[in-house]
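For reference, the structure is listed below as structure tokens.
Since the structure is predicted, the reported quantities are computational estimates derived from the model, not experimental observations. Each chain gets a letter, A, B and so on, in the order the sequences are listed, and its residues count up from 1.
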Number of protein chains: 2
Amino acid sequence: MTIKEIAKLAGVSTATVSRIINNSGKVKEETRIKVQNIIDQNNYRPNQVARTLFKKKSNIIGIIVPDLSNMFYSKIIEGIQNIIDNTNYSLMISFSAGSDDKKYIDFIRKFQQENVDGIITSAFSGEYVTKIKTPIVMYDSANIEDNIIRIASDNKAGGKLISKFLNKNIKKVLIQHLDLSLPTVAERFNSLIAELNKRDITYNLVAVEGLSKKHASQKVLENIKHFDAVISVNDEYAADIIKESRLNGFKIPEDFQLVGYDNTNLAQYTDPTISTIDQQAFEIGKAAARRLIDRIDGNKNTENTIIPVKALKNESTK
Amino acid sequence: MTIKEIAKLAGVSTATVSRIINNSGKVKEETRIKVQNIIDQNNYRPNQVARTLFKKKSNIIGIIVPDLSNMFYSKIIEGIQNIIDNTNYSLMISFSAGSDDKKYIDFIRKFQQENVDGIITSAFSGEYVTKIKTPIVMYDSANIEDNIIRIASDNKAGGKLISKFLNKNIKKVLIQHLDLSLPTVAERFNSLIAELNKRDITYNLVAVEGLSKKHASQKVLENIKHFDAVISVNDEYAADIIKESRLNGFKIPEDFQLVGYDNTNLAQYTDPTISTIDQQAFEIGKAAARRLIDRIDGNKNTENTIIPVKALKNESTK
DNA sequence: TTGTATGCGTTATCAG
DNA sequence: CTGATAACGCATACAA
């Protein structure tokens, strides 16, 4: 069913039908009713593709997600959807971008071919992104000042808050970390280290990039007897450390204390529950969507948005 | 950058450029190279929207997901993406459809306006779905024989397998359940009940539809002293029961045993770990995507696909 | 082997 | 208030 057929059935021109669909221009009430009836009877809906071609506006937003198995990202998506729900936009999504810059670029190109009005992507590196003409917002990004809109968690505050979980008796901590060359990781890490130095807490590092969670946990537990606390990458890794600890007879927080990050659902279902930093993923998603829509609507502001974090004390620290 | 501009720069017609882009028709090697160079230099990509309008094929698949906070659905999406990755399709997604039939219909209409080639949706009810012309596949559906392709977990086997977790000493169980008028819920439930009857195990029901997880758990624990085991709705509800049990001084599996469903990540991170039925969500997603693409490619078979389930014994039963 | 012309479904311009 | 028509970017039928 096309606008042409409706016009024919109604005995008017396509222009008139178009006017009625879009509430544009003047139409006699009588013909409006007549045509609207035909539209309803035939359950006609305008073809969005043809509209997009003409208007050069698709009402589609493209979203790139690195990994859906981490509930942190699910929450971000829910935040995005929460904002999008009140608009006329649809969401086109690519999952599993991982941390492969090439995949991000491929996805963005594909989105551009579909004439998306804007893109929300998790952060990736390379100069390519600065050349993108399509309105774009990066979430889960470090607070980098350039010409693109970044939604950054307050990683500096996050690193600092971690140390709040470490009580006076803690002298030596083990820090589990991902690739320190990643800007977000570095932001949080540097802030944490600065705080530890201030308090004369010593630390060792254990890199877990590319390791399975189980393997990562085992590396942590190998020398755990020399440490008072473990600062893990996030709640997922923390949960796994709890699991492996149980299998190996370690008690948390008695034998060592444990700090997570993100405040995903997991944090409240483990035993002990995980002391963690809430990044407010839902808010990140909402901010990303709002900023993008703003940008699409012509707002040229490219300042970053920093989402505050909150410390959430649970049972894994004392 | 459009095909017209490329044609002009190359000194050929748009038809020739089109032939080169699509590897269709005969083109002299010399002109092919010349034009391809111009295409590459200008980083030209054909406009997918215009293509869709002409070809009436969008290479977009629409996906409807009820609730992203349940990792069961995340896994299904990952399965879908796994198949889609090797194709030329993009994914348009609507989350948070919940169990509101109207929302499903709205989303489907929107997808149709975008000329999606097919739709993968979780099951919903109403006769509307049988009238949809767009190729459609329903996942997380009961095994209903009609003209639409359904990907169903083997709910009957699932219900039966649950009882395998119940040892000889178990005489009375508490069954937590959602709306029994939902076909999938009923399938599993009836199979479970039949099995319990066979074994002379008595049971009580506790409906939790619409309740918060916490509230649902509390209802379970109220009279728990009269029961030997709890069969919960899924791992999410089971995890919450574990949490509330701990707060209320109950020990699992000593005080009562507990069975989950789905085998989401949660099941292995709680203490005790949850005995559960693995629905193989990833396989469900893969099957849904495969069947849909098949259907789009012209396969008229509307038989359902039944995905087998597996029992996974963990610590919450003995 | 290449080019011309047409149409996909819609909206906007312009004339009546 | 209404209609005829061009244009959006592309792919194909038909001519050359």
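- For B:K57, the NZ atom is densely surrounded, since the number of other residues' heavy atoms within 6.0 Å is greater than 12.
- Taking only side-chain nitrogens and oxygens, A:K57 never comes nearer than 4.0 Å to OP1 or OP2 of C:dT11.
- Contact annotation: A:Y44 side-chain N/O to C:dT10 OP1/OP2 distance is under 4.0 Å.
- The residue A:K28 sits close only to the backbone: its heavy atoms come under 4.0 Å of sugar-phosphate atoms, none of a base.
- Of the two residues near DNA chain C, B:K55 and B:T16, the one whose nearest nucleotide lies more 5' is B:T16.
- Counting only heavy atoms from C-beta on, B:S13 has its side chain closest to C:dG3 among D:dC10, C:dG3, D:dC1.
- Comparing B:Q48 and B:R19 along DNA chain D, the residue whose closest nucleotide (by nearest heavy atom) sits nearer the 5' end is B:Q48.
- When only modelled atom types and interatomic distance are considered, B:Q81 and B:D85 share a side-chain donor-acceptor pair under 3.5 Å.
- The shortest side-chain heavy-atom distance between A:I64 and A:K103 does not fall under the 4.5 Å cut-off.
- Ranking D:dA11, D:dG3, C:dT10 by closeness to the A:P46 side chain, first place goes to C:dT10.
- Here A:T31 reaches the OP1 or OP2 of D:dT2: one of its side-chain N or O atoms lies under 4.0 Å away.
- A:F54 has its CZ atom 13 Å from the P atom of C:dT10, to the nearest Å.
- Across all strands, A:S24 comes closer than 4.0 Å to no nucleic acid atom at all (heavy-atom distances).
- For the OP1/OP2 pair of C:dT11 and a distance below 4.0 Å, the side-chain nitrogens and oxygens of A:N22 include at least one atom meeting the criterion.
- At C:dT11, one or more side-chain N or O atoms of A:R51 fall inside 4.0 Å of OP1 or OP2 (strictly under the cut-off).
- Using a 4.0 Å heavy-atom distance criterion, B:V49 is classed as making no nucleic acid contact.
- Taking the six-membered ring where the residue is Trp, B:F95 and A:F95 present perpendicular rings, their angle passing 60° and hence far from 30°.
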